[in-house]
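Let me begin by presenting the structure, written as structure tokens, before commenting on it.
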Protein chains: 2
Amino acid sequence: MNKIEVILVDDHRIMCEGLKSMLSDSHEITVMGCVRNLSELLIKLRILPIHVILLSCYEPGDHDIEMIRIIQREHPQIKILILAMTAQESFILRTLKAGAKGFLSKDADRNELIESILTIRNGYDYYSKSISEIILKRYLNQPGNNNAQRNQPAGVLSDREMEVLKLYAESYTNQEIADKLFVSIRTVESHKNNIMRKINLKTTVDMVKFAIRNNLIEI
Amino acid sequence: MNKIEVILVDDHRIMCEGLKSMLSDSHEITVMGCVRNLSELLIKLRILPIHVILLSCYEPGDHDIEMIRIIQREHPQIKILILAMTAQESFILRTLKAGAKGFLSKDADRNELIESILTIRNGYDYYSKSISEIILKRYLNQPGNNNAQRNQPAGVLSDREMEVLKLYAESYTNQEIADKLFVSIRTVESHKNNIMRKINLKTTVDMVKFAIRNNLIEI
DNA sequence: CCGAAATTCAGTGTTTTACGCAAGGATGAT
DNA sequence: ATCATCCTTGCGTAAAACACTGAATTTCGG
């Protein structure tokens, strides 16, 4: 059987070299290259026969999600394995939705790294232990989403409420938000009240922290 | 000559293993262990003859600075080399003040890693290229610190201001902070004004985000 | 079509913040 | 002794936020 051809994506060269070094004496895996960003990756993907992409994610944010989407669209046959430095629930779920096939936590060791690559190469999904729990909790505990749940963190907010929330987190005042959205300040206040009631928050600062925790804004 | 005995400090096991793997075939360096936090480190330092500590810093915050201070105090002969994922100026300067002897950027490669360990082992300081520039700009451009500088990012806040800042970031109102600190609300307002003037912020939300970025509070 | 939710807006009054101005006492370094 | 900084407090006005109640319009699934 041919070796699995892997490419590493990590903005930190030192991390890339470390991973490469870790995989270098594996019989099943060949590291075909290390790249630092999406554009370098896309170039390599056009000329190299890659099976698996190992993508390091440091900050939970839209950036990596977008990258996954693009890779999936251009190269749907390539499996994407996430090496995540965060275990943030919302981020994990978003990478899965975007098309990642596996998830490694920062606490993985060499064995788990190799095992996960083999697993997703064979068409199965792979999740680190700690992460499996989170996914289970999320997807099994809450059977349907047909009724309004009042206690789950995000998702319950409407589009408009999400929009308003982001603006608050970006330091806009009520009036500024109203002007930006071409609505009355009353509307904005109303949205704010609804947001805080839904997520069960008390202050604007709590709201900002909620937005940050859930990657609604850049920090 | 004996090999240089190095210990790795990184919360991400996968990173530890990668670094270890990178250093494993060096003739000059022996990796004596990987630890994930300060308490594990202190235990190891009592039983192992360590020359150099390679400390990974992901988020610029007080946490790592404090760690450096403690290590320096307990083991002043050991050289601390920072592997920083951030190039944030204020953070770099703070690690130096705390006692770090060298600085590697995330863009370092294996050669630079080894070279930097050898350098600080020999008693010299080592700074990555990109970081040298920053330090140069900072220390050569501004000859002394005998006059009041109004533009440096952090570190300029007094203890009390830091305390107030944290309380704001924890959602307390002016009045609540005043009660908590047994001072007048005017005092609190005054502190807030000074904080925002010093760091050049406009709103409370900005202040909260600053606190989060600098790890002053849990999020 | 109906009903629930989302989105919009208003009144009224209270509370909290924002912001500029001024200043006294303590501490510490030069 | 002097100067800077820190911590403290005060006042007043304008702006913003908050609390509470009520309601019209749109949207969208069943």
Side-chain angles (χ1 to χ4, degrees), chain A residues 144-152 154-211 216, chain B residues 97 142-211 216:
Chain A
N145 52 350
N146 45 352
N147 54 349
Q149 292 121 327
R150 276 293 125 95
N151 50 355
Q152 64 193 26
V156 293
L157 294 185
S158 70
D159 291 346
R160 196 59 154 177
E161 284 163 350
M162 199 65 84
E163 206 175 351
V164 172
L165 173 55
K166 283 184 196 177
L167 291 172
Y168 274 115
E170 284 166 6
S171 311
Y172 291 101
T173 65
N174 287 345
Q175 190 58 60
E176 285 168 346
I177 295 173
D179 294 343
K180 233 174 171 54
L181 300 181
F182 301 108
V183 295
S184 147
I185 191 172
R186 300 298 182 173
T187 308
V188 177
E189 288 175 349
S190 184
H191 283 312
K192 184 179 187 180
N193 280 331
N194 291 332
I195 292 167
M196 298 214 293
R197 183 179 43 75
K198 282 185 177 180
I199 325 185
N200 196 28
L201 301 174
K202 286 207 176 301
T203 70
T204 307
V205 170
D206 289 329
M207 219 166 60
V208 171
K209 294 202 279 189
F210 174 84
L216 301 180
Chain B
K97 260 187 206 155
Q142 302 186 350
N145 53 349
N146 44 350
N147 54 348
Q149 292 122 328
R150 272 296 124 93
N151 50 355
Q152 62 194 26
V156 292
L157 294 186
S158 69
D159 292 346
R160 197 59 155 178
E161 284 163 349
M162 200 65 83
E163 204 175 353
V164 171
L165 173 56
K166 284 183 194 176
L167 291 173
Y168 273 115
E170 284 165 7
S171 309
Y172 292 101
T173 65
N174 287 344
Q175 190 58 61
E176 286 168 345
I177 295 173
D179 295 343
K180 231 174 170 57
L181 300 181
F182 301 109
V183 295
S184 148
I185 191 172
R186 297 297 179 177
T187 307
V188 177
E189 288 175 350
S190 185
H191 283 312
K192 184 179 188 180
N193 281 332
N194 290 332
I195 292 167
M196 298 213 294
R197 182 179 44 74
K198 282 184 177 181
I199 323 185
N200 197 28
L201 302 174
K202 285 207 174 304
T203 70
T204 307
V205 170
D206 288 331
M207 221 166 57
V208 171
K209 294 201 277 189
F210 175 84
L216 300 180

Exercise. Compare all side-chain heavy atoms of A:V164 with those of A:E161 and state whether any distance is below 4.5 angstrom.
Key: no
What is the distance from [atom1] of [X] to [atom2] of [N], rounded to the nearest Å?
X: A:R197; N: D:dA19; atom1: CZ; atom2: C1'; answer: 15 Å
X: A:I195; N: C:dA5; atom1: CD1; atom2: P; answer: 18 Å
X: A:D159; N: C:dA5; atom1: CG; atom2: P; answer: 17 Å
X: B:R160; N: D:dT9; atom1: CZ; atom2: C1'; answer: 13 Å
X: A:E161; N: C:dA5; atom1: CD; atom2: P; answer: 12 Å
X: B:N193; N: D:dT8; atom1: CG; atom2: P; answer: 15 Å
X: A:N194; N: D:dT21; atom1: CG; atom2: P; answer: 15 Å
X: B:D179; N: D:dT9; atom1: CG; atom2: P; answer: 12 Å

Self-check item: Sequence-distant partners of A:S171, side chain to side chain contact (heavy atoms under 4.5 Å, CB included), two or more places apart
Solution: B:T203, B:V205, B:D206, B:K209
Exercise. Run the salt-bridge test on A:K192 and A:E189 with the 4.0 Å N-O cut-off and return the result as yes or no.
Key: no
Self-check item: B:E163 bridged to B:R160 by N-O distance under 4.0 Å
Solution: yes
Quiz item: Hey, can you pull the residues of residues 163-176 of chain A with a non-hydrogen atom under 4.0 angstrom from DNA chain C?
Solution: none
Quiz prompt | DNA chain C contacts made by residues 181-192 of chain A, counting heavy atoms under 4.0 Å | solution = A:V183, A:S184, A:R186, A:T187, A:S190, A:H191
Quiz item: Closest approach of B:A169 and B:A211, non-hydrogen atoms and distance?
Solution: CB-CB, 3.7 Å
Exercise. Looking only at non-hydrogen atoms, find the nearest pair between B:V208 and B:Y168 and report the distance.
Key: CG2-O, 4.2 Å
Quiz item: Between A:K198 and C:dA6, is there a side-chain N or O to OP1/OP2 distance below 4.0 Å?
Solution: yes
Quiz item: Do you know which of A:D179, A:V183, A:L167 makes side chain to side chain contact (heavy atoms under 4.5 Å, CB included) with A:V188?
Solution: A:V183
Quiz item: Which value, rounded to the nearest 0.5 Å, describes the distance between A:F210 atom CZ and A:L201 atom CG?
Solution: 7.0 Å
Self-check item: Spatial distance of atom CZ (A:R186) from atom CG (A:N193) [nearest 0.5 Å]
Solution: 11.0 Å
